There are 2 protein chains.
Amino acid sequence: MTETSRPAAHPLEFTASHRELLDQVLDKWSVHILDELCERPARFNELRRAIPAVTQKSLTATLRRLERNGIVERSVVRSRPVAVEYRISPLGKTLRAPIDALLEWIATHGADVDRARGRFDDEAEHDLGRLGR
Amino acid sequence: MTETSRPAAHPLEFTASHRELLDQVLDKWSVHILDELCERPARFNELRRAIPAVTQKSLTATLRRLERNGIVERSVVRSRPVAVEYRISPLGKTLRAPIDALLEWIATHGADVDRARGRFDDEAEHDLGRLGR
DNA sequence: CGGGATCCCAAGCGATACTG
DNA sequence: CAGTATCGCTTGGGATCCCG
């Protein structure tokens, strides 16, 4: 009677708010930014240079989102001209481990995925041929 | 001289193909599907019932994508009517650990994120008030 | 049962121009 | 330097109808 209907499923359920959080934290640029900020704090244009592909709009949006979620901290130094520094928060640091786990999975299994894709696409093309081109 | 320009960055670089793979494996429905298939193989309409929010189109698309990437395997039992079974592949099983790491991060730190959002939104509203409504 | 084919919309993002 | 504002495209995904 330690478990009810589910066969000891797995520990966690995956709800809509989980998905939302994942989307915000693993979106197109978050990982890049976290990469940079984990090594050192950086200013806005430093990040732009470090991640050349990001547009300023997306960089702003992603930083705001990460700041809102408590993952990065923004501090304004009122000098001339203004200096704004972004750094990773304590909460943000706890995100490294799970993200790195993901990246390591890609590093070790990415080649397997590539091979699987090759097989899949070959078979698809082959099946297409069988059906008269 | 054990390190060059980068300050021993971190082990992995995050390229476009990494991003693509992440998108395919962590997309809106993949996690749900993997959750289900990790516990037991399932048929198409079983998955639909297990994940009521998914549309048939998205379920088909996601399963195809996961199959192409070698994460799930599809087998057709030619009976009357046809029976199609999806199950997780060995490669797919290796994905559990990193994904669970992510889900556990959410489980343990999700509340922190919520509080951070509350603070951020409050400050935003407050700052808005200071600027004349 | 297990899909395929269409239509459509909102969100994400890039490109570009402007600002305190 | 560190953004904001607009425009427009591309995509993911929902809704719906149809099929072997």
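Order of the sequence lines sets the chain letters (A, B, ...), proteins ahead of strands, with each chain counted from 1. Just so it is clear, the model here is predicted, and its values are computed rather than measured.
Remark: D122(B) does not engage R119(B) in a salt bridge, criterion side-chain N to carboxylate O under 4.0 Å. Residues R96(A) and D35(A) are paired through a salt bridge, judged by an N-O separation under 4.0 Å between the basic side chain and the carboxylate. With respect to R74(B) and E123(A), no salt bridge is recorded, no charged nitrogen being found less than 4.0 Å from a carboxylate O.
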Represent DNA chain C in dot-bracket notation, 5' to 3'. Only Watson-Crick or G-U wobble pairs with both distances under 3.5 Å count; pseudoknot-style crossings use [ ] and interstrand partners use |.
||||||||||||||||||||

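Considering only heavy atoms from C-beta on, L102(B) stays 4.5 Å or farther from I106(B) through its side chain. Annotation: side chain of V54(B) is not in contact with side chain of H32(B) (no heavy-atom distance under 4.5 Å).
Residue R74(B) is in sugar-phosphate contact alone, with no base atom involved, counting any heavy-atom pair closer than 4.0 Å across all strands shown.
Scanning residues 20-33 of chain A for heavy-atom distances under 4.0 Å to DNA chain C yields K28(A), W29(A). Within residues 59-70 of chain B, the residues that place at least one heavy atom under 4.0 Å from DNA chain C are, in residue-number order, T60(B), R64(B).
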Please list each protein N or O that sits under 3.5 Å from an N or O in nucleotides 15-20 of chain C, with the distance.
residue, atom, partner, partner atom, Å
dA17(C), N6, Q56(A), NE2, 3.1

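Considering only side-chain N and O atoms, S58(A) lies under 4.0 angstrom from the phosphate OP1 or OP2 of dG14(C). An OP1 or OP2 oxygen of dC1(C) is reached within less than 4.0 angstrom by no side-chain nitrogen or oxygen of R78(B). Of the side-chain N and O atoms in Y86(B), one or more sit less than 4.0 angstrom from OP1 or OP2 of dG3(C). Contact between the side-chain N/O atoms of R43(B) and the OP1/OP2 oxygens of dC1(C) is not found at any separation under 4.0 Å.
Residue pairs meeting the salt bridge (Lys or Arg N to Asp or Glu O under 4.0 Å) criterion with at least one member in residues 50-71 of chain B, sequence neighbours excluded, are D121(A)-R68(B), D27(B)-R65(B).
Residues satisfying the side chain to side chain contact (heavy atoms under 4.5 Å, CB included) test with S75(B), not counting sequence neighbours, are E85(B), R87(B).
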